[in-house]
Asker: 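Take this structure, written in C-alpha cells, and hold onto it; I'll ask about it next.
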Amino acid sequence: MSKSGEVSWKSENLGKRRWAFVVFLGILILHGLAILVFTRGFLLTRTELSQYSHCSDIQQSPCFSPSQDDQMVNHSKGCWTKPAVDRIVIIVLDALRYDFVAPSTFFDEKKPWMDRLQVLHELASQPGSFAKIFKAIADPPTTSLQRLKGLTTGGLPTFIDVGNSFGAPAIIEDNLIYQMAKNGKRVVMMGDDTWVQLFPQHFNISHPFPSFNVKDLDTVDNGCVEHLFPYLYQEDWDVLIAHFLGVDHAGHIFGVDSTEMIEKLEQYNGILEKVVDVLESQSGPGGLHENTLLLVMGDHGQTINGDHGGGAPEEVETSLFAMSLQKNPSSLPSETDSSSCRLDTEKRKICTSSIEQLDFAATVSALLGIPYPFGSIGRVNPELYALAAGTWNLDIFTPESGINLSGSERWMQNYVNVLCMNTWQVKRYIDVYSASSVIGFSDKDMSHVSSLYAQAHDNWLHTKEAVLNCKSESCSTLLPQLKKQVEAYSNFLSSITALARSKWTEFNLKMMGTGLCILVLSLFVHIFTIKKLDKLCSCYLPRGGDFVVSFEAIFAYAAVLIRSFSFLSNSFILEEGKTASFLLATAGMLQLRHAIVKKKMFLEGFLFVLVVPLLRFGIELGQSKQAVNSLFLKSFASWTVSVDNGTNLWIYVADILPFLALVILAYILYYKSITHSSCRGIFKLVAVGTIFPSSLIALAWALDGNLFRPSTIIVDIKAYWIPRIIYVIGLLQLFLLAISQLFGKEKTSGWEEDTIVKVTAMLSAWSSTIIILSGKQGPLVALVAVIQGWCVIRLMTLERAKNDYYDSSTSYSSPVAKWSLLAVCLFFCTGHWCAFDGLRYASAFVGFDEFNLIRQAALLTIDTFGFSHILPVMGLPLIVACRRHPEVQAEKRKPLFFLQLCQVYLMYGLTMAISMTLTIICVTIQRRHLMVWGLFAPKFVFDAVGLLLTDLFICLASLYYFA
C-alpha cells in the first residue's frame, strides 16, 4: 500500500472509531438519563433541613413551660419539660426480632429461638409491673444505618436524603444525640462504630468497634461487655449506649434457626441479667440508679435467613423492652393503655404493647426534658412515657398556685402538656419544610393540617382554662377534658405521620414513566442502529440462496425475552440464576442436537452441555443460605461456602481443585502466547506476565494452609503484600495496553489475529485481580467461563447452511444470547445475588484493613461485576474475530469486521437494556408490593449499575479494539 493510501486508511479508520465511540457514548448517556429520571420517581426523597430546636423556642409555644426559678432550685437541666428520669441505659441488640423477646405463647407455633431471653419475661411479669415489652414497628428500609438515623431524628428515612451532607455519613439534621450533648447530657457509647460515623462529635466517651466483618460474632459484643459493666458503677454519664452486633451477624451467616443464634441469645440473657442486677443493687434512695430507665431494643428485625433491608413483617417488627428502676405509683388510664396480656410458659402474666420507632426520639426527649429534634414527626408514646416514675411526680405548677390534682390527673395533665409541645413542634416543622423544600406538601394537604391543628389548639385553650380553674373546687370534669385533648393531639399527629408516609413514600409516576419511555427509546436506537449496520454489512457479504432465520436465532430472541419477562414475578427474580442456567442448558441441547445431525463438533456440543450443570451447582451453592455447611469448598476470605472439617476427602479436593484450575489457566495462557504469531511486544509481555501474579495467588493459598507455621511475616505477606502486588501489576498491565493503543503502529492486515491477541492481553490484565478477590472459587469459575466461551465460539459455524443467506445480526444473535446468559450464570455462581446482602463485603478488604471509600468501592465493584460484566464485555470481540469470512474479498474484510464488531456490541447492549426495561416495568407494577424494598428495589439497583457498567466498558472497548 502506498504512503498516501495508508494515511487515507488510517484517517478513515479513525473516523469509524470515533463514530462507534460516539454511538456507544450516546447510548450510555441515554441509559444514564433514563435511570436517573426513573430513580427520582422511584427511590424516595426527602429534604434535610438545617434548623435545630433550642430551649428558648418553647416560649413561642402555647404550652406550659417549666419555671426558670424552679429549674434553678431543683438544679434541673430540662428546658422544654422537666426531666422525668436522671439516666438512661440504652442497649441495642442489632436485628432483634420481636419473637426473640415476646413469650412463645404470643405466637401460633413455638420455635427453637423463642423464650431465650427469660430475664425480660421475669421482669415484665412482676406484679405492679414497672417493666414492659413492646413490639416496635420500624419503617423500611430496614438497614442499620437508616434505622439509627430514623430512631435519632424522629423522621422517616428514605433511599435518597437530599441535603448538605449528600455524600457524608454524618447526620447534619437535628437529632436526639445532638440535643443530648447540646443540653448538657453526658453520652457514652460503645459497640457498633456506625454510631461514631453518624455522630462524630457528640459523645463524651466512645468505644467503637468495627462492624464490617459479619463473620465475627464476638469482637463487638465482647468489647461492649468489657466497657459496659464498669460504666454502670460510674457517675460521669447521663446516657449510656451499648450496641451489640452478634445476633445480626449470626443471622447473616447461619440464619435464625441455628445453634449459633440460640447461643447468642442465651449469652445476651446472661448479660442482661447481670445488667439488671447491677442497676437494682444501686436503685435505692439516693442510689446511683435511683431514677434510671433501662431500654433494651432492636433497630430492626430479620427474616428466617438473617436478611433485612426491606419491608416484610419479620424485618420491620423488632422489640423494645423498657424498665424503670423506680416503681410507678399508679396505672395508666384505660384509654391510653393498648396492652395485650397472656400467660407465658411459666404461667406468668405478661403484657405487651406496640410502639412506632418513629415515636422513640420524641418520647426519650420528653423523658430527659430536652428539645425534640426539629424534624421529628413522632408522638410521645404514653405507655413508654408512663413507665418512668418521674412522670407521675412532675407538676408544672408551684404549690403556691393552689392547683391540687390526683395522681392520674397529674400524670394526664403532664402528658397533655408534653403532647402540646410535641404537636406544636411537628406543626412548626411541617410549615418550615413545606415552605423551604421543593418536595413540599400541597396546599390541600397544608389546609387539612392547619385545620386539625386549629381544632386541637382551640380545644387546648379550654383545657388550659379548666386546669387553671382546678383549685380547691371539684375537678371532676378535668380528666374527661384531658382525655379529649389527648385525642385531639393524637389525631393531628397521626394525620401528619400518614401524610408524611404518603409523600415521602409516594412514587412520582410521571418521573417513573418518563424514565421508562427514555429507556424504551434507547431500545429503538439499538434496533435502528443494528438494522442500519445490517444494510452496511450486506454491501460486503455475498448473497446466495434464500433469506432464512435459523431456529437457533429464533430461540436466542425467545430466550432473551423469556428471561426478561420472568422479572414480572418475584419468584422468578429469586430464581433468576436458575432460570438463566436452564435457558443456557436448553440452548446447549439444541446445539448438541445440531452437532449430532451435522456429524461435526460433537465434542464442543457435548462439553457445552456438560459444563452447564457445574454452573447450576455453583448457583445452588452460592445462593443457598445452607451453603456454609456444604461439603464442596473450604472456607476462605470471600468464599460463599465451607467444608465439614470431618470430611477429609472433600477437604483435599477443595484444596487441590483451585490450584489445578489455576495451573490449567496459566498453561492455556502461556501456550497461546507462545504459539500465536501475532502475540508480540507489549501484548505478549502482558499475557505472559500474568503467570507471575497467578503464581502469587497460588503462594497466598499455600501460606493459608497448614504447610507453614503461622507467623506475623507470613500473615502480612499473605493478607497484605500479595494482594497489593497483584493490584499494582494489574494496573500496570492496563496502563501498558493503553500506551500501546495510543502509540502503537496500526496494522492493515491480520486484524482478526491481532484482535484475538488484544482480547487475550486485556482479559489477562483483569483476571488476576478478579481471581484474588473471588477467593479459591475464582480459578474454577474462570476455567468454566473459558470452556463455555470457547464452545460458544466454536459452535457458531454450525448455524449457517451453505446456500442460505443471513443478516449479519441474525447470524450473531445466537452466540450473543448465549454469551449474555453465560454472564448471568457467572454472576450467580460466584455467590452473588441481586440483594444488598448478596454483596461480599469481605472482598473489599482483601489486602487492606483500613477503610477508604473509593478504594473499597472499586474492589467491591470488581468482585461483584468482574466475572459477569467486565470480562464478558472485554472478551466479546472473540465472537467476531474467530469467525472467518473466506468468501469475502480481502480488502473488504476489515470494514466488515469493524461493522460486525460494532453490531455485536450493540446486540449485547440491547439484551442488557431489554432486561433493564422489564425490571423497570416490574418495579413500577410492584411498587406497592410487600417485598418492594427487600426484593424489587435491590434488583433495580443491581440491574441499573450492571447496565451502566456494561455501557461504560463497551465505550472503553470501542477505543481499544476499533483500531
Asker: Are any side-chain N or O atoms of Ser490 and backbone N or O atoms of Val486, one a donor and one an acceptor, separated by less than 3.5 Å?
Answerer: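 Yes; judged by distance alone, with no hydrogens or angles, the pair exists.
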Asker: How many angstroms lie between atom NE2 of His243 and atom CE of Met189, to the nearest 0.5 angstrom?
Answerer: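 Answer rounded to 0.5 Å: 10.0 Å.
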Asker: When you measure from the side chain of Asp236 to the backbone of Gln234, do you find a donor-acceptor pair of N or O atoms at a distance under 3.5 Å?
Answerer: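 No, Asp236 side chain to Gln234 backbone: no donor-acceptor pair under 3.5 Å.
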Asker: Flag the pair Tyr98 / Phe107 as yes when their ring centroid distance falls below 6.0 Å, and as no otherwise.
Answerer: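 Yes: the rings meet the under 6.0 Å criterion.
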Asker: Check whether any side-chain heavy atom of Ile350 sits under 4.5 Å from a side-chain heavy atom of Leu343, and report yes or no.
Answerer: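 When only atoms from C-beta onward are counted, Leu343 and Ile350 do not touch, as no gap falls below 4.5 Å.
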Asker: Which pairs count as side chain to side chain donor-acceptor pair (under 3.5 Å) when at least one residue sits in residues 360-375, sequence neighbours excluded?
Answerer: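 For residues 360-375, and leaving out neighbouring residues, there are no side chain to side chain donor-acceptor pair (under 3.5 Å) pairs at all.
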Asker: Go through the steps to decide whether Gln357 and Ile137 satisfy the test side chain to side chain contact (heavy atoms under 4.5 Å, CB included), and finish with yes or no.
Answerer: CA-CA 6 Å; Gln357 280 195 350; Ile137 310 299; over 6 Å; no
Asker: Report yes if some heavy atom in the side chain of Val296 is under 4.5 Å from a heavy atom in the side chain of Val89; otherwise report no.
Answerer: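 They are not in side-chain contact.
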Asker: Is it true that a side-chain atom of Asp344 and a backbone atom of Pro103 form a donor plus acceptor pair closer than 3.5 Å?
Answerer: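 No, Asp344 side chain to Pro103 backbone: no donor-acceptor pair under 3.5 Å.
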Asker: Side chains of Gln481 and Thr463: do they bring a donor and an acceptor to under 3.5 Å?
Answerer: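 The answer is yes; a qualifying pair exists.
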Asker: Please report the interatomic distance CG(Asp115) to CG(Leu265), rounded to the nearest 0.5 Å.
Answerer: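 Reported value, rounded in 0.5 Å steps: 11.0 Å.
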Asker: Distance only, no hydrogens: is a donor on one side chain within 3.5 Å (strictly under) of an acceptor on the other, for Ser353 and Lys132?
Answerer: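 The criterion, which ignores hydrogens and geometry beyond distance, is satisfied for Lys132 and Ser353.
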Asker: Tell me, do Leu499 and Val449 make a side-chain contact under 4.5 Å, heavy atoms counted?
Answerer: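 They are in side-chain contact.
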Asker: Roughly how far apart are Ile91 CD1 and Ile241 CD1, rounded to 0.5 Å?
Answerer: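 It comes to 11.5 Å.
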Asker: Is there a side-chain contact between Lys149 and Ile171 (heavy atoms, below 4.5 Å)?
Answerer: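 Of all side-chain heavy-atom pairs linking Ile171 with Lys149, at least one is under 4.5 Å.
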Asker: Could you tell me whether the side chain of Asn381 and the main chain of Ile355 form a donor-acceptor pair under 3.5 Å?
Answerer: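 Flag not set: sc Asn381 to bb Ile355 has no pair under 3.5 Å.
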Asker: Does a side-chain heavy-atom distance below 4.5 Å link Asp57 with Pro371?
Answerer: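 SC-SC contact between Asp57 and Pro371 ruled out.
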Asker: Please determine, by modelled atom types, if Asp94 and His300 share a side-chain donor-acceptor pair under 3.5 angstrom.
Answerer: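 Per modelled atom types, Asp94 and His300 side chains form a pair under 3.5 Å.
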Asker: Taking all atoms of both residues into account, what is the closest heavy-atom pair of Ile370 and Lys185, and its distance?
Answerer: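 Heavy atoms of Ile370 and Lys185 come nearest at CG2-CE, 4.2 Å.
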Asker: Answer yes or no: is there a side-chain heavy-atom contact under 4.5 Å between Ser354 and Phe134?
Answerer: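 Heavy-atom side-chain distance check fails, nothing below 4.5 Å.
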Asker: Kindly compute the distance separating CZ (Phe492) from CD (Glu487), expressed to the nearest 0.5 Å.
Answerer: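 It comes to 15.5 Å.
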Asker: Look only at the side chain of Thr391 and the backbone of Ala388, and say whether a donor-acceptor pair between them is shorter than 3.5 Å.
Answerer: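 Present.
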Asker: Work out which heavy atom in Leu96 is nearest to a heavy atom in Gly298; give both atom names and the distance.
Answerer: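 Nearest heavy atoms, Leu96 then Gly298: CB-CA, 3.8 Å.
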Asker: Is there a donor-acceptor pair closer than 3.5 Å between any side-chain N or O of Ser324 and the backbone N or O of Gln326?
Answerer: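 Yes, Ser324 side chain to Gln326 backbone: donor-acceptor pair under 3.5 Å.
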Asker: Just checking Asp443: does its CG atom have more than 12 heavy atoms from other residues, nucleotides or ligands closer to it than 6.0 angstrom?
Answerer: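 Count not over threshold, so no.
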Asker: Determine, using ring centers only, whether Tyr178 and Tyr52 are less than 6.0 Å apart.
Answerer: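 Tyr52 vs Tyr178: aromatic centres under 6.0 Å.
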Asker: Please check if atom NZ in Lys464 has more than 12 non-hydrogen atoms from other residues, nucleotides or ligands closer than 6.0 Å.
Answerer: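 Above 12, so yes.
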Asker: Please find the pair of heavy atoms, one from Leu387 and one from Ala131, that lie closest to each other, and give the distance.
Answerer: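 Where Leu387 meets Ala131 most closely, the heavy atoms are CD2-N, 4.2 Å.
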Asker: Flag yes if more than 12 heavy atoms outside Glu235 fall under 6.0 Å of its CD atom; otherwise flag no.
Answerer: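 No, CD of Glu235 has 12 or fewer neighbouring heavy atoms, counting only those of other groups under 6.0 Å.
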Asker: Does the pair Phe321 and Met297 meet the rule for a side chain to side chain contact (heavy atoms under 4.5 Å, CB included), with working shown?
Answerer: CA-CA 6 Å; Phe321 170 84; Met297 59 187 293; over 6 Å; no
Asker: Is there a ring pair (Phe, Tyr, Trp, His ring centres under 6.0 Å) between His207 and Tyr231? Walk through the geometry before answering.
Answerer: CA-CA 12 Å; His207 302 282; Tyr231 276 110; 5.7 Å; yes
Asker: For the ring pair (Phe, Tyr, Trp, His ring centres under 6.0 Å) test, which of Phe64, Trp460, Trp80 pairs with Trp424?
Answerer: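 The option that passes is Trp80.
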Asker: State whether the side chain of Gln485 and the backbone N or O of Ala456 hold a donor-acceptor pair below 3.5 Å, judged by distance alone.
Answerer: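 Yes: the side chain of Gln485 pairs with the backbone of Ala456.
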Asker: Looking just at side-chain N and O atoms, do Ser283 and Glu290 make a donor-acceptor pair shorter than 3.5 Å?
Answerer: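 Looking only at side-chain atoms, Glu290 and Ser283 do not form any donor-acceptor pair under 3.5 Å.
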Asker: Roughly how far, to the nearest 0.5 Å, is CD1 of Ile88 from CG of Leu294?
Answerer: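 These two atoms lie 10.5 Å from each other.
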Asker: Checking Gln425 side chain against Phe374 main chain: does a donor-acceptor pair fall under 3.5 Å?
Answerer: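 Yes, Gln425 side chain to Phe374 backbone: donor-acceptor pair under 3.5 Å.
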Asker: Are Phe244 and Tyr268 close enough that their ring centers fall under 6.0 Å?
Answerer: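 Yes, the ring centres sit under 6.0 Å apart.
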Asker: Starting from the C-alpha separation in whole Å, work towards a yes-or-no answer on side chain to side chain contact (heavy atoms under 4.5 Å, CB included) for Tyr489 and Asn422.
Answerer: CA-CA 9 Å; Tyr489 282 145; Asn422 193 178; over 6 Å; no
Asker: With no hydrogens and no angle check, do the side chains of Ser340 and Thr352 hold a donor and an acceptor under 3.5 Å apart?
Answerer: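 There is no such pair between these side chains.
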Asker: Side chain of Ser125, backbone of Glu122: donor and acceptor closer than 3.5 Å?
Answerer: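 A pair under 3.5 Å: yes.
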Asker: Could you check Leu419 against Leu493 for side chain to side chain contact (heavy atoms under 4.5 Å, CB included), going step by step and ending with a plain yes or no?
Answerer: CA-CA 9 Å; Leu419 276 187; Leu493 292 170; 4.1 Å; yes
Asker: Closest heavy-atom contact between Leu228 and Val275?
Answerer: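 Reported closest heavy-atom pair: CD2-CG2, 3.7 Å.
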Asker: If we ignore angles and hydrogens, is there a donor and acceptor under 3.5 Å between the side chains of Asn417 and Thr81?
Answerer: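 No, Thr81 and Asn417 have no side-chain donor paired with an acceptor closer than 3.5 Å.
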Asker: Do Arg97 and Glu317 meet the salt-bridge criterion of a basic N to acidic O distance under 4.0 Å?
Answerer: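 Looking at Glu317 and Arg97, the cut-off is not met.
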Asker: Heavy-atom distance under 4.5 Å between the side chains of Phe106 and Asp99, does that happen here?
Answerer: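 No, side chains not in contact.
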Asker: Is the side chain of Asp238 donor-acceptor paired with the backbone N or O of Arg186 at a distance under 3.5 Å, no angle test?
Answerer: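 Such a contact is found between Asp238 side chain and Arg186 backbone.
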Asker: State, to 0.1 Å, how close Ala361 and Thr152 come at their nearest heavy-atom pair, and which atoms those are.
Answerer: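 Between these two residues, the closest heavy atoms are CB-O, 3.9 Å.
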Asker: Taking the side chain as every heavy atom from C-beta outward, state whether Val188 and Val239 have any atom pair closer than 4.5 Å.
Answerer: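 No; the side chains remain at least 4.5 Å from each other.
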Asker: Quick one: CG on Asp445 to CD1 on Ile430, what's the gap to the nearest 0.5 Å?
Answerer: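 Answer for the CG-CD1 pair, Asp445 versus Ile430, is 10.0 Å.
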Asker: Judged by modelled atom types alone, do Ser206 and Trp195 share a side-chain donor-acceptor pair under 3.5 Å?
Answerer: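 Per modelled atom types, Ser206 and Trp195 side chains form no pair under 3.5 Å.
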Asker: Show the nearest heavy-atom pair for residues Ala95 and Asp248, with the distance to one decimal.
Answerer: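 Ala95 and Asp248 have their closest heavy atoms at CB-OD1, 3.5 Å.
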Asker: For Asp174 and Gln179, does a side-chain donor sit closer than 3.5 Å to a side-chain acceptor?
Answerer: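 Side chains of Asp174 and Gln179: pair found under 3.5 Å.
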